[in-house]
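Working notes for the structure below.
Values in this document were obtained by computation on a predicted structure and should not be read as measured data. Numbers restart at 1 for each chain; the letters A, B, ... are given by sequence-line order, proteins then strands.
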2 protein chains.
Amino acid sequence: MLSKKTKYGLKALTFIARSESDMPVQVSVIAKSEQIPQKFLEGILLTLRKSGILGSKKGKHGGYYLRSLPSEIKMTDVMRVLEGPIAMVPCVSLNYYEKCDDCPDEHKCSVHKLMIEVRDNTLKVFRNTTLADLSGI
Amino acid sequence: MLSKKTKYGLKALTFIARSESDMPVQVSVIAKSEQIPQKFLEGILLTLRKSGILGSKKGKHGGYYLRSLPSEIKMTDVMRVLEGPIAMVPCVSLNYYEKCDDCPDEHKCSVHKLMIEVRDNTLKVFRNTTLADLSGI
DNA sequence: TGTAATCCCTACTAAATTGATAGGATTAAT
DNA sequence: ATTAATCCTATCAATTTAGTAGGGATTACA
């Protein structure tokens, strides 16, 4: 299941990408428009900023803005920041690999093989999709 | 994340598929061999039986057996029984569709489109993979 | 210089889910 | 009868999720 955090995060990024002015976009504006609890969204955008996807400006007339062009923001990066590993099991994760306790030899593990296939197909989608695609721009 | 339930279930199915004799396979044997807590596994196999994937025989010399050939047991069915919906959001689920609270029009939702792509690719993998593939037979 | 608007940060909490465990009821072979 | 198995229900601790609360720090602008 996709977490609300990820869903809200994607919606917020889309909103920012679609905003035409070059002024930063305020959390309150996004929260209202996308029906997201504002305080919850604050935390999400903070995470996205810390990861380098968003930049921010504090104080009056502050807000958030994209650090790159929408067409250069890949879903692989966004999803890893918001949702964590893309793989469904740590033993097939590229970025967060972990050995399974119960698997003596993972190359013989039937689950392993299946999950590698799923991971590769999901990665393909996320690698070929940018924020520009999501935003329809 | 794949739940332990699903992981254990897949391993158990593989184990049964590989067992050559036509005697039913006992939970205790699978649990020991695959390092799965036996009581936990009992519940999982029960679920698989109720869904029609496994059959069982009670009493002494009882156990579980496949109801179809491994090559006819598709991962779509197994995954739906063990893990639930394949889609990452209910609004793109084929079998468990639910409208999102926060989405006025899901055809305009950026998350929706992305998640349909992920779902289709994952489905493709699960549709093209059978228990025979997992079991290497 | 003051004030309002805005992001930033930490801590807390309720509800749901997960990964089990416990204890027995039922069934069937010997 | 005894033994070995599935079947069933209840319970539980740990974790995660989704959100709330309360304020601190920074900036624009009157």
Specify the separation, in whole Å, of atom CG of A/L46 and atom P of D/dG24. 17 Å
Can you measure B/F40 atom CZ to C/dT18 atom P for me and round it to whole angstrom units? 10 Å
Give a yes/no on whether any side-chain N or O of B/K50 is located under 4.0 angstrom from OP1 or OP2 of D/dC8. yes
Just by modelled atom types, is the A/M23 backbone N or O under 3.5 Å from a matching donor or acceptor in the A/S21 side chain? yes
A quick test of your reading: do over 12 heavy atoms of other residues, nucleotides or ligands sit less than 6.0 Å from NZ of B/K108? no
Within the structure, does a side-chain N or O atom of B/Y8 lie under 4.0 Å from either OP1 or OP2 of C/dA20? yes
Ignoring backbone atoms, establish whether A/S56 has a side-chain N or O less than 4.0 Å from OP1 or OP2 of C/dC8. yes
Which whole-number value in Å describes the distance from A/D101 CG to C/dA20 C1'? 15 Å
For A/L2 against A/E83, the heavy-atom pair lying closest together: CA-OE2, 3.8 Å
When rounded to whole Å, the CG to P distance for the pair B/L41 and D/dC7 reads 12 Å
In terms of side-chain heavy atoms of A/S3, which of D/dT20, D/dA18, C/dC8 is nearest? D/dA18
Any side-chain N or O of B/R49 below 4.0 angstrom from OP1/OP2 of D/dC7? yes
Counting any heavy atom closer than 4.0 Å, what does A/K58 reach on the DNA or RNA strands: base, sugar-phosphate only, or nothing? sugar-phosphate
Could you tell me how far apart A/E34 (CD) and D/dA18 (P) are, to the nearest whole angstrom? 17 Å
Looking at A/R18 and A/S135, would you say the former's side chain and the latter's main chain have a donor-acceptor pair under 3.5 Å? yes
CD of B/E42 versus P of C/dT26: gap in Å, rounded? 16 Å
So if I take every side-chain heavy atom of A/K60 and compare against C/dC9, D/dG19, D/dT27, which nucleotide ends up nearest? D/dT27
Under 4.0 Å, counting only non-hydrogen atoms across every strand here, what does B/K39 touch: a base, just sugar-phosphate, or nothing? base
May I ask you to evaluate whether A/H61 reaches the phosphate of D/dT27, defined as a side-chain N or O under 4.0 Å from OP1 or OP2? no
Hey, does A/G43 reach any base, or is it just sugar-phosphate, or nothing, if we go heavy atoms under 4.0 Å? nothing
B/G59 vs A/K5, nearer the 5' end of DNA chain D by closest nucleotide: B/G59
Does the side chain of B/K57 get closer than 4.0 angstrom to OP1 or OP2 of C/dA29 through an N or O atom? yes
Any donor-acceptor pair under 3.5 Å joining the side chain of A/Q26 to the base of C/dC7? no
Of the nucleotides C/dG19, D/dA18, C/dC8, which has the atom closest to the A/Y64 side chain? C/dC8
Counting only side-chain nitrogens and oxygens, does B/Y65 get under 4.0 Å of the OP1 or OP2 atom of D/dT6? no
Would you say the side chains of B/E98 and B/S93 form a donor-acceptor pair under 3.5 Å? no
